[in-house]
Amino acid sequence: MIQTVRGTFDILPDEVPRWRLLEETARTVFRCYGYREIRTPIFERTALFARSVGEETDIVAKEMYTFTDRGGECLSLRPESTASVVRAYIQHRMWTWGSVVKLFYLGPHFRYERPQKGRFRQFHQIGAEAIGQNDDPAIDAELIEMVEEYLDRLGVAERELFINSVGCSRCRPAYVRHLKDALSGVLSRLCEDCQRRYETNPLRILDCKVEDDQPFIERAPALLDHLCEACAAHFEALRRHLEERGIAYQVARRLVRGLDYYTRTAFEITSARLGAQNAIAGGGRYDGLSELLGGPPAKGIGFALGVERLLLALPEDAAVTDDAPDLYIAYLGEAARQEAFRVARRLRRAGLVVIYDFQERKLRRLMAQADRMKARYALLIGEDELAAGRYTLRDMRTGEQEVLSEEALVRRLMTSRELSASGRR
RNA sequence: GCGAGCAUAGCUCAACCCGGUCAGAGCACUUGACUGUGGAUCAAGGGGUUGCGGGUUCAAAUCCCGCUGCUCGCCCCA
């Protein structure tokens, strides 16, 4: 039997409401902050990700789904979306849209990783980007506020917000040299991974969780103490803005970002309810990315949020299936069956959710099924009803029944406040 | 790429340690008790080559080896 491929999964009807809740809440909240939805292709030229995310990162070096199409183009399924959004910003000359363009996206992304809790090969991200000439720290603070508001509205508890600054192209290289100098003496006493990172990505050493390495890392110089004046001022301003907005945060001096394009503001939101992969959202500034991709100078900040992880942190009762039928039609006999189809069609056109069984069954079974499906009403069409030209409508909650003409039935259902036609649609 | 654990009915699991008792329960599904009226109860039924392949043995779901898959952790990241 052919099954879903490793690291992918079906989202079955019972789970879909939870997904929709996340998506719809994102659209609602982000819209309030002036962010507009953008949908970029699911695959792009490989070069886009190689250049932006970084050739040496794990994502590009060993996690992308890369293939050559029939025309010989080297393409990759998107491992993230910031690169695509910035590409779109450049391609569509969005700087003419205004000084800061605010965009958000949501959808599947792909990385060839070893699956584990909260980590899959096809995974979903919700993210937003603010791109333009302006790099006011208030933009950073507003974006963070928006993420917090979103998580609040979903009821995601036990969260923590960490912020840091990773500097810019002026101050970071000097700091990295500083860091390497400071660690060179104790390099042999660090874990294997850190020895490797020392060469490939020294900043990552700050992120190491190995117990024995901690004393050395604690003593190493911190990025925050080596920012250039402009970056330091930017970070201080961000802190002030967050405080003015009443957003609780912790400065995580060792927080770094995995992708090469990040500058200055870096932040991460974790949830204690998650497990080993406890980062629920992460983001930061990427002021050089547009130019790196051949576009005009532009500043940018964004974040991405892992939907599968968010789902793990979401309260149990966050969403319920809302596809229970308004009306279950129980018919008895062939003539009643045709009548049932006709009535169902009329009510469905009016927006009601109407269900019936295609198979002849005993009335008892039909009622049991209506109950199981949580139908609000049941409509009985049998010999008596056909003869009288009136139907029996049963309120499944109270058990009360009334006999109604078709017109009275339609009027009755259409004015019922709790049904689909007048309510949620 | 590395490490550990698990794999029995559609789902949740029992039997595995100390091989032999037709491979079982609950939920779900179908039917009946109940001639046109649901949630309860009782009964019956369908459904499994015990992940796959090999080995040991008179005998393997049970012990051994290989493979595959899944889960969790490392790495990395959202």
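Proteins get letters first, then strands, A, B, ... in listed order; numbering begins at 1 in each.
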Asks: Measure CD/Gln3(A) against C1'/rC52(B) and give the value in whole Å, please.
Replies: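 Nearest whole value for this atom pair: 13 Å.
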Asks: Within this structure, what is the CD-to-P distance between Glu56(A) and rC75(B), rounded to whole angstrom?
Replies: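 Value for this atom pair: 20 Å.
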Asks: Which whole-number value in Å describes the distance from Leu305(A) CG to rC77(B) P?
Replies: 17 Å
Asks: Report the nucleotide, chosen from rC76(B), rC72(B), rC70(B), that has the shortest atom-to-atom distance to any side-chain atom of Arg197(A).
Replies: rC76(B)
Asks: Find the partner of rU57(B): check Watson-Crick (N1-N3 plus N6-O4 or O6-N4) and G-U wobble (N1-O2, O6-N3) distances, both under 3.5 Å, and reply none if neither fits.
Replies: none
Asks: Counting just side-chain N and O atoms, does Gln116(A) come under 4.0 Å of either OP1 or OP2 of rG73(B)?
Replies: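 The answer is yes; a side-chain N or O of Gln116(A) sits under 4.0 Å from OP1 or OP2.
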Asks: Tell me whether the side-chain N or O atoms of Glu385(A) pair up with the base of rG36(B) as donor and acceptor below 3.5 Å, since no angle test is needed here.
Replies: yes
Asks: Which heavy atom in Phe267(A) sits nearest to a heavy atom in Gly302(A), and how many Å separate them?
Replies: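 Heavy-atom minimum between the residues: CE2-O, 4.1 Å.
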Asks: Parallel under 30°, tilted from 30 to 60°, perpendicular over 60°: which one fits the rings of Tyr356(A) and Tyr331(A)?
Replies: perpendicular
Asks: With nearest nucleotides of RNA chain B determined for Gly282(A) and Thr4(A) from heavy-atom distances, which residue corresponds to the more 5′ nucleotide?
Replies: Thr4(A)
Asks: Looking at rG5(B), which nucleotide sits across from it as a Watson-Crick or G-U wobble partner, both distances under 3.5 angstrom, or is there none?
Replies: rC70(B)
Asks: At under 4.0 Å between heavy atoms, what does Gly127(A) touch on the DNA or RNA strands: base, sugar-phosphate, or nothing?
Replies: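 No contact.
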Asks: Touch check for Ala370(A), heavy atoms < 4.0 angstrom, all strands: base, sugar-phosphate only, or nothing?
Replies: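 No contact at all - Ala370(A) keeps every heavy atom at 4.0 Å or more from the nucleic acid.
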Asks: From CG of Asp371(A) over to P of rC29(B), roughly how many Å is that when rounded to an integer?
Replies: 11 Å
Asks: Return whichever of Gly382(A) or Lys362(A) has its heavy-atom-nearest nucleotide of RNA chain B closer to the 5' end.
Replies: Lys362(A)
Asks: Assign Arg114(A) to base, sugar-phosphate, or nothing according to its heavy-atom contacts below 4.0 angstrom with the strands shown.
Replies: base
Asks: Could you state the atom-to-atom distance from CG of Leu363(A) to P of rG38(B) in whole Å?
Replies: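 For the pair Leu363(A) CG and rG38(B) P, the rounded distance is 8 Å.
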Asks: Record whether the side chain of Arg394(A) comes under 3.5 Å of the base of rG38(B) through a donor-acceptor pair of N or O atoms.
Replies: yes
Asks: Assess the residue pair Arg27(A) and Glu24(A) against the criterion (salt bridge (Lys or Arg N to Asp or Glu O under 4.0 Å)); give the C-alpha distance rounded to whole Å, side-chain angles, the decisive distance to 0.1 Å, and a yes or no.
Replies: CA-CA 5 Å; Arg27(A) 290 194 170 101; Glu24(A) 280 159 18; 5.9 Å; no
Asks: Please give the nucleotide sitting opposite rA43(B) as a Watson-Crick or G-U wobble pair, both distances under 3.5 Å, or none.
Replies: rU31(B)
Asks: Looking at the base of rG73(B), is there any donor atom on it, or on the side chain of Arg119(A), that sits under 3.5 Å from an acceptor on the other one?
Replies: no
Asks: Is there a donor and acceptor pair closer than 3.5 Å between the side chain of Arg309(A) and the base of rC77(B)?
Replies: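 When only heavy-atom distances are counted, Arg309(A) does reach the base of rC77(B) through a donor-acceptor pair under 3.5 Å.
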Asks: Round to a whole Å and report the spacing from CZ of Arg361(A) to C1' of rU31(B).
Replies: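 Going from Arg361(A) (CZ) to rU31(B) (C1'), I get 10 Å.
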Asks: Would you say that more than 12 heavy atoms from the other residues, nucleotides or ligands in this model lie under 6.0 Å from the CZ of Arg342(A), or not?
Replies: yes
